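Please read all numbers here as calculations on a predicted model, not as lab measurements.
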Amino acid sequence: MKGILLDDQEELDILIKKNGLGIIISGLRVGACEGEIAERVLRANRGEFKEVPLIGGEIDRMINGLSDVFYIGRLKDMLMAMRINTGKIFKTDTGINIEIVSDERI
């Protein structure tokens with residue numbers, strides 16, 4: 001999936017290019033954004049996205065010990081709803097690993 005990329009400070013990643021006359025011909029960086037979308041789904045609480053109120057991984061609750069055995073399955077369903085193809089998703093001692101399967105070449 002291609003989309004507008006963000007930088008490390010979660011600001012728009014802008015790379016301004018000008019032609020020989022000094023006219024801006026491009027600015028926003030576009031590329032594979034599956035990782036950014038997955039991160040936002042993990043960090044969001046339910047209800048934060050008005051368009052899809054049931055999407056939200058609530059990772060802060062999981063870190064604080066309120067996780068259940070169905071968490072990984074629900075997370076995979078949320079990512080599928082956001083059109084992110086995932087492979088394996090598993091919890092580790094330091095976080096969650098998500099294998100993103102991308103069909104597009106960039």
Side-chain angles (χ1 to χ4, degrees):
M1 173 185 309
K2 289 186 181 180
I4 298 172
L5 300 177
L6 302 177
D7 62 12
D8 294 337
Q9 289 80 31
E10 297 188 7
E11 302 281 332
L12 288 175
D13 195 359
I14 299 174
L15 180 64
I16 297 175
K17 292 183 183 178
K18 298 181 180 181
N19 65 8
L21 300 173
I23 298 172
I24 296 175
I25 55 173
S26 69
L28 296 176
R29 298 207 32 203
V30 175
C33 62
E34 291 95 346
E36 291 180 359
I37 294 171
E39 179 183 356
R40 278 167 182 63
V41 168
L42 274 171
R43 289 183 174 190
N45 292 314
R46 289 188 195 123
E48 284 189 34
F49 302 116
K50 288 184 179 181
E51 301 82 14
V52 280
L54 297 178
I55 299 294
E58 298 180 328
I59 191 73
D60 55 340
R61 292 184 68 195
M62 199 269 310
I63 290 172
N64 292 327
L66 298 175
S67 171
D68 60 13
V69 295
F70 302 110
Y71 180 79
I72 298 296
R74 284 197 316 266
L75 181 59
K76 189 166 191 156
D77 291 342
M78 289 179 210
L79 292 171
M80 285 177 55
M82 299 302 288
R83 298 183 181 151
I84 303 294
N85 296 327
T86 59
K88 295 179 183 178
I89 299 177
F90 54 94
K91 290 195 290 186
T92 65
D93 294 338
T94 59
I96 293 180
N97 288 347
I98 301 173
E99 179 183 298
I100 297 175
V101 180
S102 178
D103 295 331
E104 293 185 33
R105 295 178 188 226
I106 301 197

For E39, the salt bridge (Lys or Arg N to Asp or Glu O under 4.0 Å) test, sequence neighbours excluded, returns R43

Is it true that I55 and I96 fall in one hydrophobic cluster, defined by side-chain heavy atoms closer than 4.5 Å? yes

Residue list, side-chain contact (heavy atoms from CB on, under 4.5 Å) with K50, at least two apart or on another chain: none

Please enumerate all residues that pass side-chain contact (heavy atoms from CB on, under 4.5 Å) together with I72, with sequence neighbours excluded. I89, K91

Distance check, rounded to the nearest 0.5 Å: I84 atom CD1 versus C33 atom SG? 6.5 Å

Can you find a pair of side-chain heavy atoms, one from E34 and one from N85, that are under 4.5 Å apart? no

Tell me, which pairs form a salt bridge (charged side-chain N to carboxylate O under 4.0 Å, His left out) where one or both residues lie in residues 79-89, sequence neighbours left out? none

By salt bridge (Lys or Arg N to Asp or Glu O under 4.0 Å), which residues pair with R29, not counting sequence neighbours? D13

Taking atom CG of L54 and atom CZ of F49, what is their separation to the nearest 0.5 Å? 12.5 Å

Determine yes or no for a side-chain-to-main-chain donor-acceptor pair under 3.5 angstrom, with K76 supplying the side chain and G87 the backbone. yes

Side chains of V101 and T86: does their closest heavy-atom pair fall under 4.5 Å? no

Can you measure from CG (L79) to CD1 (I100) and round to the nearest 0.5 angstrom? 7.5 Å

Pairing residues for R74 by the side-chain contact (heavy atoms from CB on, under 4.5 Å) criterion, not counting sequence neighbours: R46, D68, F70, Y71, M78

Output all residues satisfying side-chain contact (heavy atoms from CB on, under 4.5 Å) with E48, sequence neighbours left out; order by chain, then residue number. A44, N45

Student check: side-chain heavy atoms of L12 and L5 closer than 4.5 Å: no

